[in-house]
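One structure is given here, and the rest of the page talks about it.
Numbering of residues begins at 1 and proceeds along the displayed sequence. From a predicted model like this one, the values you see are computed outputs, not experimental measurements.
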Amino acid sequence: MRLHEKIAWFLAMGGILFFHFYRLQQYTLNFPNWGDDYAFLELLDYVQKHSWRENIDYIFHFHNNIHRIAYSRTWILVQYTLLGNLNFKTAIILANVQMLFIIIPFHWFLKKIKRSAWHLLGISALLFAPFGNLDNYNLVGVLQHTSSILFLVWIAYGLFYSENAVWVIILALLYPFVSTEGIAFLPMVGYVLWSKKSALKIPFTVLSVAVIVFYFHDYVGDGSSSGKLSWNFVKGLFIFMGNWALPVSDSFRTWLNLLAGVPIVLYFIWKIVGSFRINITFPSLIFLQIAATGFLISYGRAGMGNLELIAISDRFLLYGNTLLMAMYCSLILPKQQLLRLPWALLLSGTWLLASFFMARRPMQEMNQRWTADLLGAYYFQTSSAYECPPQTMQLLKAPFFKFDRENIPKQLPLFEIQNIPEIKPSSIQIQDGRLSLSWNQLPEKIDITERRFVVIRQEDVPRKKYFIASLSNDYLDCVKHSNLLIFNTLPIAHFQVFLLNLPNNQNTYYQYLSSLTITN
């Protein structure tokens with residue numbers, strides 16, 4: 001590259017990276033985003049009360065009966081040792097630095113096949129496409145799924161361009177302790193080593209068997225999966241493989257994903273066995289591992305509810321971005337490139353911009369829900385986003401965690417019934433403790449930057465109990481919604497519903513909406 005071209009390249013790459021970390025800074029909070037994030041508070045609480053041998057056992061202990069997230073736990077312990085506390089926002093941003101290391105094998109790959117460095121800009125645009133990075137705003141998400149992609153691309157690159165390097169074998173054997181799909185990758189790694197007649201094929205085979213035995217030696221299934229191969233399973237798999245599809249229609253999103261997954265699967269099947277012999281390359285190995293991950297998810301979660309919604313969950317969107325990166329690399333791999341540089345940059349750049357606009361509302365809604373749970377935990381010691389037992393909630397008072405006061409108003413108002421016409425929900429649904437409310441007549445926001453929340457006060461208990469939840473879809477002329485967990489053992493429960501406004505100046509005010517009676 002000439003000097004002016006290098007400057008342009010660095011500015012373009014720097015812009016992509018800057019806006020990714022700027023969004024993280026803007027939307028993340030120092031608070032557990034999902035119930036799984038509390039596992040890291042439990043980790044810090046545990047290690048301070050047990051011996052080092054017990055702590056090592058705990059690091060490799062199962063999470064949710066199936067995942068051994070030793071890598072994530074080690075990451076948190078190292079950060080805690082260096083910083084002295086667990087700041088979720090800092091941990092999320094630091095864990096996202098792994099995204100930079102995901103780019104490195106692709107840079108080396110381009111040099112190996114003698115392609116322009118500008119192709120790395122196109123690959124990075126796909127990797128950092130904002131809609132596909134929604135899971136990177138959750139601590140457990142970025143430490144498990146982004147880390148999984150990091151290990152995948154480094155191992156895949158090493159197998160084809162450094163197959164006799166010991167570091168490749170070490171990463172492959174550690175992969176199952178990053179994320180469970182690493183187990184599925186071990187046979188693929190073994191196949192490549194044996195087909196290439198690597199000197200490390202026998203040691204790896206023996207060690208990989210030992211890893212699998214260790215991984216499952218104390219495994220006890222929870223029976224949550226039906227374990228059946230059915231049309232629902234096949235549909236879920238293709239939906240997962242189509243997670244690169246942008247949600248241009250919420251009503252048909254699952255079908256759009258399914259249709260998007262079909263060409264990806266057919267293309268790579270053609271590339272792998274189209275010449276009537278198996279031909280695995282760096283990008284096709286990435287595809288095979290993501291397909292194996294989709295198989296495990298669709299098969300293992302078939303009995304856990306709506307598989308379609310599970311397959312399009314935010315936590316799996318980065319796998320869709322990675323599939324696009326694999327497709328990109330596969331199209332520029334042959335000597336006669338199927339994807340020329342100008343078209344490659346045009347398509348990837350357009351995809352990046354479209355993904356940015358698609359991600360704006362989900363990120364705002366995520367931050368809104370996150371803030372609601374933060375306020376609920378701080379003021380009311382309750383969580384309306386996910387089930388959180390009191391003993392777990394008490395971990396927020398541990399010395400290794402501190403609330404960031406800038407995210408919390410100085411005080412909440414005293415919620416009292418006002419003598420104004422009631423605005424009752426237009427729809428009320430409750431199932432398994434999940435209360436869903438909708439309003440089509442709420443007054444619109446005075447200031448578009450205001451954030452509004454629903455506060456529900458339970459009246460028929462010895463001590464008044466408050467729940468706070470996000471008001472979603474809070475846009476002009478839209479039906480507003482609120483969803484919250486509100487477990488209740490009483491046959492009849494009486495509530496008062498309030499609308500809490502949180503302006504940017506944090507001088508909160510509220511409006512009484514209506515009374516609410518729920519019969520279980």
Checking N136 now: which residues fulfil side-chain hydrogen bond (donor to acceptor under 3.5 Å, both in side chains) with it, not counting sequence neighbours?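 Per chain and number, N136 pairs via side-chain hydrogen bond (donor to acceptor under 3.5 Å, both in side chains) with N96, T146.
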Main-chain N/O of [Y] paired with [X] side-chain donor or acceptor, under 3.5 Å:
X: R369; Y: N33; value: yes
X: T382; Y: F467; value: no
X: N87; Y: K89; value: yes
X: R315; Y: G141; value: no
X: T293; Y: Q289; value: yes
X: K445; Y: R451; value: no

Give the intermediate values and the outcome of side chain to side chain contact (heavy atoms under 4.5 Å, CB included) for residues L143 and I69. CA-CA 9 Å; L143 283 178; I69 54 173; over 6 Å; no
[X] side chain to [Y] side chain, donor-acceptor N/O pair below 3.5 angstrom:
X: S426; Y: Q441; answer: no
X: Y386; Y: D373; answer: yes
X: T180; Y: Y215; answer: yes

Stepwise side chain to side chain contact (heavy atoms under 4.5 Å, CB included) test for I123 and C329: CA-CA 8 Å; I123 293 171; C329 292; 3.8 Å; yes
Identify which one of Y328, W351, F131, Y319 satisfies the ring-ring contact (aromatic ring centres under 6.0 Å, His included) criterion when paired with W244.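 Among the candidates, only W351 passes.
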Cation-aromatic face contact R73/Y46, 6.0 Å, 45 degrees: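 That pair does not qualify as a cation-pi contact.
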Between M325 and I286, is a side chain to side chain contact (heavy atoms under 4.5 Å, CB included) present by the stated rule, with each step listed? CA-CA 9 Å; M325 295 159 61; I286 293 175; over 6 Å; no
Less than 6.0 Å separating the ring centroids of F401 and F403?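 So the answer is yes for these two rings.
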F19 vs Y22 aromatic rings, parallel, tilted or perpendicular, using cut-offs 30° and 60°?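 Aromatic pair F19/Y22 classed perpendicular.
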Salt bridge check: are E444 and K480 linked by an N-O gap of less than 4.0 Å?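 K480 and E444: salt-bridged.
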Assess whether side chain to side chain contact (heavy atoms under 4.5 Å, CB included) is satisfied between N321 and L126, documenting all intermediate values. CA-CA 6 Å; N321 281 18; L126 299 177; 5.7 Å; no
Listed partners of D314 passing salt bridge (charged side-chain N to carboxylate O under 4.0 Å, His left out), at least two apart: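 Here no residue qualifies.
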